[in-house]
Q: 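I am attaching a structure below and will ask some questions about it afterwards.
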Amino acid sequence: MTFLKNISFKQGIFYALLALCCGLSIVFVHHNEQFYDRPIAEITQVAVTESEPMTDMYENEDYLFTQEITAIIKNGQHKGQSIYLTNDYSSSGAFDQEYHVGNEIFVTIDDRATQSALTGTILDLKRDQTMVMIAWIFIFTLLIIGKRQGLFSIISLGVNAVILSFALDLYVKHGSVSLLVVSGICALLFTIISLLLISGLNTKTYVAIVSTLLGTVIALIISSIVMWLTGENGLRYEEMQFLTRPYRTVFMAGLFIGSLGAVMDVSITMASSIFALYEQDPTISVKALKSSGHEIGKDIMGTITSILFFAYLCGSIPMIILYLKNSSTLGLTLSLNLSLELARALAGGIGVVLTIPISQYTAIFFINRKRVQE
């Protein structure tokens with residue numbers, strides 16, 4: 001109730017329009033089958049016809065099930081017709097999935113199927129309905145808590161996503177373009193757009209932009225030098241060998257973009273804190289600003305580096321479990337699955353640690369200039 005009382009008339013109109021857009025988008029994704037080229041079917045009946053235990057050569061136990069599925073085609077020339085499908089899935093669900101009545105699925109229709117008894121194969125689950133719901137929950141949460149900054153954060157995220165999609169498409173279509181150059185331009189645009197939209201045109205934002213770019217570039221240079229000196233010993237690129245492009249370049253580009261977010265967070269935090277101290281007491285000494293900045297940096301350093309570590313490593317947990325369940329040694333498992341993730345986390349950590357003094361002294365430099373001008 002307190003939240004509703006604090007909403008102005010314009011804000012009320014904005015949230016009403018947003019709620020209308022939310023409702024319309026949810027209705028749309030529930031009835032958008034005609035916009036897909038691939039046939040989509042809605043499951044109406046499911047029956048499990050077979051169930052059997054399975055044990056592999058490593059004594060891993062699992063259960064295999066067979067589903068007989070009846071579905072209704074929702075689009076295309078066979079719209080409205082029933083299709084009969086078979087689905088095999090396991091209780092572990094590693095590479096398969098159990099389907100339920102009401103699920104919408106992408107299917108292929110057998111060429112030999114008759115008009116009265118269509119058969120086919122299940123390709124994948126139609127997930128846009130769930131994704132839209134999660135996206136709207138994220139948007140409303142960000143707007144309710146962040147308000148104006150939340151709105152600009154959403155705009156920034158959308159613009160950055162478009163830029164990244166365009167950059168990747170450009171690189172895929174034109175192999176002669178350097179991926180590191182594309183990544184560098186993207187990092188520059190991401191930094192400027194994100195910080196300007198969220199913090200506005202002010203000295204604090206300029207400090208954060210300069211600090212972010214310097215911290216990220218220096219971290220990348222240090223990582224490149226270390227990799228060159230060590231001959232990249234310990235880095236396992238097996239998971240990237242399916243690429244048709246130089247995987248070391250792809251790894252370095254990912255290193256560049258991956259460390260940008262954490263470095264940007266640290267730089268804006270440091271810049272905001274130091275400028276807040278100056279605005280509260282314009283007579284504060286440079287020594288006091290350095291001391292306060294040092295304490296703030298120590299407080300955020302540990303948490304941000306831990307966030308980087310867990311964010312990179314959490315994606316490897318399923319593969320680690322899979323390797324260990326199949327009797328791979330612990331050393332081989334960690335080496336294959338964590339070497340690149342640890343390198344990314346360490347590179348990002350270097351960027352975070354370097355950005356703290358860079359943003360601190362850059363902010364003090366701008367404050368001293370402001371004092372001279374006054």
Side-chain angles (χ1 to χ4, degrees), residues 26 28-138 238-242 313-328 330 332-333 336-338 341:
I26 291 173
F28 173 76
V29 295
H30 280 80
H31 302 85
N32 65 346
E33 294 85 4
Q34 64 271 21
F35 294 99
Y36 286 88
D37 295 328
R38 293 183 297 176
I40 296 173
E42 182 178 355
I43 297 175
T44 56
Q45 294 180 12
V46 177
V48 177
T49 58
E50 294 182 21
S51 174
E52 60 176 340
M54 183 194 74
T55 304
D56 65 11
M57 60 186 295
Y58 300 109
E59 302 300 323
N60 296 318
E61 297 181 355
D62 204 350
Y63 281 87
L64 297 180
F65 303 90
T66 300
Q67 291 179 308
E68 297 294 337
I69 296 173
T70 303
I72 301 295
I73 301 294
K74 305 285 286 184
N75 62 341
Q77 61 178 346
H78 299 288
K79 182 178 180 180
Q81 293 182 254
S82 296
I83 184 171
Y84 302 93
L85 307 159
T86 301
N87 176 52
D88 296 320
Y89 72 95
S90 61
S91 58
S92 62
F95 296 102
D96 45 50
Q97 181 167 329
E98 179 184 6
Y99 295 102
H100 306 276
V101 173
N103 287 158
E104 290 189 352
I105 52 178
F106 294 103
V107 299
T108 56
I109 300 173
D110 293 340
D111 295 333
R112 299 179 181 179
T114 63
Q115 292 293 326
S116 58
L118 295 179
T119 58
T121 305
I122 298 174
L123 295 177
D124 199 3
L125 185 68
K126 184 173 180 284
R127 296 183 173 87
D128 56 356
Q129 301 165 0
T130 305
M131 295 302 297
V132 166
M133 289 292 293
I134 294 173
W136 278 112
I137 292 172
F138 169 74
E238 282 85 350
E239 66 179 50
M240 303 176 69
Q241 286 185 350
F242 62 89
L313 266 60
C314 67
S316 301
I317 291 176
M319 292 304 298
I320 291 174
I321 294 175
L322 181 63
Y323 272 79
L324 293 176
K325 287 284 286 182
N326 287 278
S327 299
S328 296
L330 181 62
L332 176 64
T333 300
L336 286 174
N337 295 285
L338 294 185
E341 306 302 331

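Nothing fancy with the numbering, it's 1 onward along the sequence. Because only heavy atoms are used, hydrogens play no part in the values below, and waters and symmetry mates are left out as well, while side chains stay in.
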Q: With rounding to the nearest 0.5 angstrom, report the OH to CD1 distance, Tyr99 to Ile122.
A: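 These two atoms lie 5.0 Å from each other.
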Q: Would you compute the distance between atom OH of Tyr84 and atom CD1 of Ile69 and round it to the nearest 0.5 angstrom?
A: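 Tyr84 atom OH to Ile69 atom CD1 measures 13.5 Å (nearest 0.5 Å).
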Q: Kindly determine whether Gln45 and Val101 satisfy side-chain contact (heavy atoms from CB on, under 4.5 Å), including the steps that lead there.
A: CA-CA 6 Å; Gln45 294 180 12; Val101 173; 5.6 Å; no
Q: Atom CD in Gln34, atom CD1 in Ile40: separation rounded to 0.5 Å?
A: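 Taking CD in Gln34 and CD1 in Ile40, the distance rounds to 9.0 Å.
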Q: Can you spot which of Ile105, Thr70, Leu118, Val46 makes a side-chain contact (heavy atoms from CB on, under 4.5 Å) with Leu85?
A: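 By the side-chain contact (heavy atoms from CB on, under 4.5 Å) criterion, Leu85 pairs with just one of Ile105, Thr70, Leu118, Val46: Ile105.
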Q: Mind telling me whether Phe65 and Tyr89 have parallel, tilted or perpendicular rings, with 30° and 60° as the class edges?
A: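 Because their plane-to-plane angle is under 30°, the rings of Tyr89 and Phe65 count as parallel.
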Q: What's the separation between atom CG in Asn75 and atom CG in Asp37, rounded to the nearest 0.5 Å?
A: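 CG of Asp37 is found 9.0 Å from CG of Asn75.
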Q: What heavy-atom pair brings Ala41 and Val107 nearest, and what distance separates the two atoms?
A: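 Here Ala41 and Val107 meet closest at CB-CG1, 4.3 Å.
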Q: What pair of heavy atoms forms the shortest contact from Ser90 to Leu64, and how long is it?
A: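 It is CB-CD2, 3.8 Å.
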Q: Is a side-chain donor or acceptor of Asn103 paired with a backbone partner of Ile43 at a separation under 3.5 angstrom?
A: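 No, Asn103 side chain to Ile43 backbone: no donor-acceptor pair under 3.5 Å.
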Q: Are there over 12 heavy-atom neighbours, none belonging to Phe28, within less than 6.0 Å of that residue's CZ?
A: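 Counting neighbours around CZ of Phe28, more than 12 heavy atoms of other residues, nucleotides or ligands fall under 6.0 Å, so yes.
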Q: To the closest 0.5 Å, what do you measure between CD (Glu104) and CG (Asp128)?
A: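 Taking CD in Glu104 and CG in Asp128, the distance rounds to 7.5 Å.
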Q: Can you tell me how far the NZ atom of Lys126 sits from the CE atom of Met131, to the nearest 0.5 Å?
A: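 One gets 12.5 Å once the value is rounded to the nearest 0.5 Å.
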Q: Looking at every non-hydrogen atom in both residues, tell me the closest pair between Ile73 and His78 and how far apart they are.
A: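 In terms of heavy atoms, the two residues are closest at CB-O, 3.3 Å.
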Q: Which pair of non-hydrogen atoms, one from Ile72 and one from Ser82, has the smallest distance, and what is that distance?
A: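 Here Ile72 and Ser82 meet closest at CD1-OG, 3.4 Å.
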Q: Are a donor atom and an acceptor atom from the side chains of Gln67 and Asn87 found within less than 3.5 Å of each other?
A: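 Checked: Gln67/Asn87 side chains pair up, N/O donor to acceptor below 3.5 Å.
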